[in-house]
Protein chains: 4
Amino acid sequence: MNLRARTLEAKQQKRQKILEAAKELFFNKGYYGTAIEMITEKAGVSTGTFYLYYTNKIEIYKALQNEGLDILVDKITKVISWPGMSSLAKLSEIARAYFEYYNEHREYFDIISILSAIPDELKETQTEISRVIDNKAYNLLKVIEGVVKEGIENGEFISMDTWKVTNTFWGLMDGLILLDERNNTRNVIGIGLEDLIKQALEMAFYGIVKQRPG
Amino acid sequence: MNLRARTLEAKQQKRQKILEAAKELFFNKGYYGTAIEMITEKAGVSTGTFYLYYTNKIEIYKALQNEGLDILVDKITKVISWPGMSSLAKLSEIARAYFEYYNEHREYFDIISILSAIPDELKETQTEISRVIDNKAYNLLKVIEGVVKEGIENGEFISMDTWKVTNTFWGLMDGLILLDERNNTRNVIGIGLEDLIKQALEMAFYGIVKQRPG
Amino acid sequence: MNLRARTLEAKQQKRQKILEAAKELFFNKGYYGTAIEMITEKAGVSTGTFYLYYTNKIEIYKALQNEGLDILVDKITKVISWPGMSSLAKLSEIARAYFEYYNEHREYFDIISILSAIPDELKETQTEISRVIDNKAYNLLKVIEGVVKEGIENGEFISMDTWKVTNTFWGLMDGLILLDERNNTRNVIGIGLEDLIKQALEMAFYGIVKQRPG
Amino acid sequence: MNLRARTLEAKQQKRQKILEAAKELFFNKGYYGTAIEMITEKAGVSTGTFYLYYTNKIEIYKALQNEGLDILVDKITKVISWPGMSSLAKLSEIARAYFEYYNEHREYFDIISILSAIPDELKETQTEISRVIDNKAYNLLKVIEGVVKEGIENGEFISMDTWKVTNTFWGLMDGLILLDERNNTRNVIGIGLEDLIKQALEMAFYGIVKQRPG
DNA sequence: AATGAATGAGAGTTCATTCAT
DNA sequence: CATGAATGAACTCTCATTCAT
């Protein structure tokens, strides 16, 4: 490993350290509750150094969003790559994986979702990264749609608009987790999120109506 | 036009004018993107006047939350009060009403939900209004649960945990609207929110699986 | 009593009520800690009414100074008007009266003295009232000087510069009370103010040196 | 000239410059009459810089009090350390030193004493520095008491309560200076403060009564 | 005479960003 | 590359004073 490489690596490490500090702070204090100085102090670098690695406050926030999304996409892609699973099982696994992600990486979750304070700047300036993020999310949905299509083809699911169902399915998951974020479901509603998701799958798969019309 | 508000009614009107200005700004610029001075300028009053009507910035935000929730509760309560509706129709109506509310009062929706920036102060100080809001939301869910229970009793729905289903149902709606908020569904996903909700009801009611196991 | 008189009297009463409220607040919260609204609220009148009776905040502060000084002058004048007292006894009585005044009317004392926040405006604009106050204080000292002179003439005191001694004497009293204001002497120094004043008189009258030089 | 203060010394200098500006302003305009912006402007720094060196307005005021008291304690301690002085001479020197301090450092004097506006905040929050200041003042009095005790032991003074006398003595000095602060003695009373203090010492040492009783 | 809603300048403080070293 | 002192606009909130009613 030559000097250049070592230096490059060291740079990456510093960048990561700053990101790590920012993640924790954004998660705990929110975007507006986090000052650059808090990040640099936690990361053990100077204020100026921050701007050497990130152009501004918004940028690091977006970087975090990006990273968090990568982890999620990875997780879900992996889960449905196992052979021998029915489409139904795959959808179930996707829900489980999302739930797991929410549990294990809530910091990222909060930063990805609009739950936390949305910097206005983020909405207004549709920058490079914003588009990257939107793209990744879109692709993820397309992967899920693949599962739905497969289920219809192999006769597991009824015939339906796969794109609509996919989005609905995803919205359902998001909505439940959102519920949890808002209330901490177990305390307020009295049901744990895990149970709620299982119920949702039950409902999504088999419906709640006894007799179909006609 | 903007003379001294000497009567109680005139005072209420001015209070409302300030609230209106705040609503629009909070909606467009978010909590942190909105300065008191922007509100007062829009409302056509002076800085000091703001503090004559609201004790501080958070307070007016909460007032807005409260007002918005009241409208929603009203809307949903009304919709299920019509006689001669099946439970299924009622659930359907609830979804429609929520969707309508989102369309007609998106400003309120953004302020109620955690979508917009959550002022840290709002979380920390669990004030009177915060509790009122939580309560109203809880009661709304209880009303919906009533519909679900009714549906089971009269044989429309299968037997199930009503509280779980209610929350799942609500989460589904929330999740879809959230999706829309994030992406503006029609542009990104290519499906209008209305269609998506219809699909969701279809799914929730009848499921997507062809043959139930066993 | 005709209508005019009743009205006039009523006006005086309102003026007094405002003054009373101001006194208590200035004493407890200081000049800058007291807002006009606090005064009017306590007095049970409206904000506007305040400005009907006093031209501004400073003015009422000065009125209070004036009133307080009148009481003090009265007290001291009375005390030395009794016949058959030696000059020494008179000086002693003056000290006692001042101490008593401080105890009974600390609100006024704090407002008269420079102890409390001195509004800058008070220093800068040498207004009517300021001059009145200075005058009264000067006259009071002149009265005391009369006692000193008398004491020299009747052979009680040694021959000395009466004006210097008078001011010194007054400064001594002021200084001790100041000490008390600052520390609450009993708690910090461990001696009550009354004892301290007695000691001061002892010292002022007889000195602390054993053998006069020469 | 006002470049970045990179060395520790340069930082100390800037801190001092801000302090100096504050001292002059607090002295001339009082605590409430002095705005942070006035201080920074005078010191030639920006608003933000102020808060780099002092946490808030009160803090710099206390820092000034502390510094001023240090100078006084130093002055008085030095003055009585000379060998070969009688206790009487020492007391006389203490008075002279205090007078000198008042003349040379009136800014500090006004800030230490309660003469200037007492920020309410200062009273309420009994912070670290407040206690340090109280302590220093107490210790100063104890030093003076040492002189009085010595005087009694070596037969210069009559036997008396040394702590009472010390406080009385100090109160006398304070009272006279206070008189001067209030009136500018030379103009109003017609006697310079210096003469007044000399007279006070004369009185304190030898008394004003011709014949002691008994 | 009395009211009290309205004003708006000004206060103390924060913080993203810059740039000389 | 790294630093961290410096900036100054922007923020929320206060309050003496005015004046239409």
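Below, read A as the first sequence line, B as the second, and so on, with proteins coming before strands; counting in each chain starts at 1. The figures that follow rest on heavy atoms only: side chains count, while hydrogens, waters and symmetry mates do not.
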TODO: Using whole Å, report how far CZ of D:R15 lies from P of F:dA5.
DONE: 13 Å
Open item on the list: For D:E20, give me all partners under side-chain hydrogen bond (donor to acceptor under 3.5 Å, both in side chains), at least two apart in sequence or on another chain.
Closed with: D:Q16, D:K23
Task: Close side-chain approach of B:Q65 and B:Y108, heavy atoms under 4.5 Å - done: no
TODO: Just call it for C:T34: base, sugar-phosphate, or nothing, with non-hydrogen atoms closer than 4.0 Å on any strand.
DONE: sugar-phosphate
Task: Range-with-range stems for DNA chain E, at least three Watson-Crick or G-U pairs under 3.5 Å - done: E:2-21 with F:2-21
Task: Partners meeting side-chain hydrogen bond (donor to acceptor under 3.5 Å, both in side chains) with A:E107 (sequence neighbours left out) - done: none
Open item on the list: Give the residues of residues 42-51 of chain C touching DNA chain F, defined as any heavy atom closer than 4.0 Å, sorted by residue number.
Closed with: C:T47, C:Y51
TODO: Could you pull out all residues at least two apart from D:T7 that satisfy side chain to side chain contact (heavy atoms under 4.5 Å, CB included)?
DONE: D:E9, D:A10
TODO: Return no unless some side-chain N or O of A:K14 is found under 4.0 Å from OP1 or OP2 of F:dC1.
DONE: no
- [ ] Measure the distance from CG on B:N56 to C1' on F:dC11 and round it to the nearest whole Å.
- [x] 14 Å
Task: Integer-rounded Å distance: F:dC11 C1' and D:I36 CD1 - done: 16 Å
Open item on the list: Can you tell me if C:K57 touches the phosphate of F:dT17, counting only side-chain N or O atoms and a distance under 4.0 Å to OP1 or OP2?
Closed with: no
Under 3.5 Å, sequence neighbours excluded: what are the donor-acceptor pairs made by side chains of residues 44-53 of chain C?
| residue | atom | partner | partner atom | Å |
| --- | --- | --- | --- | --- |
| C:S46 | OG | C:T49 | N | 3.3 |
| C:S46 | OG | C:T49 | OG1 | 2.9 |

TODO: Could you state the atom-to-atom distance from NZ of B:K11 to C1' of E:dA6 in whole Å?
DONE: 12 Å
Task: Residues which pass salt bridge (Lys or Arg N to Asp or Glu O under 4.0 Å) with B:E24, listed by chain and number, not counting sequence neighbours - done: B:K42
Open item on the list: Check the phosphate of E:dA2 against C:Y53, side-chain N and O only, distance under 4.0 Å to OP1 or OP2. Yes or no?
Closed with: yes
Open item on the list: List the residues meeting side-chain hydrogen bond (donor to acceptor under 3.5 Å, both in side chains) with C:D70, not counting sequence neighbours, and say none if there are none.
Closed with: C:K136
- [ ] Starting at atom OH of C:Y31, determine the distance to atom P of F:dC15, rounded to an integer number of angstrom.
- [x] 13 Å
Task: Listed nucleotide nearest any side-chain atom of D:L52, set F:dA5, F:dA16, F:dT12 - done: F:dA5
Task: C:K57 NZ/CZ over C:F26 ring centroid, <6.0 Å and within 45° of normal - done: no
TODO: Take atom OH of D:Y61 and atom P of E:dA11, then tell me their distance rounded to the nearest Å.
DONE: 18 Å
Task: Any residue meeting side-chain hydrogen bond (donor to acceptor under 3.5 Å, both in side chains) with D:Q13, in chain and number order, not counting sequence neighbours - done: none
Open item on the list: I need the CD-P distance between D:E41 and F:dT7, as an integer number of Å.
Closed with: 13 Å
Open item on the list: In this structure, how many angstroms lie between the P atom of F:dA9 and the CD atom of D:E37, rounded?
Closed with: 10 Å
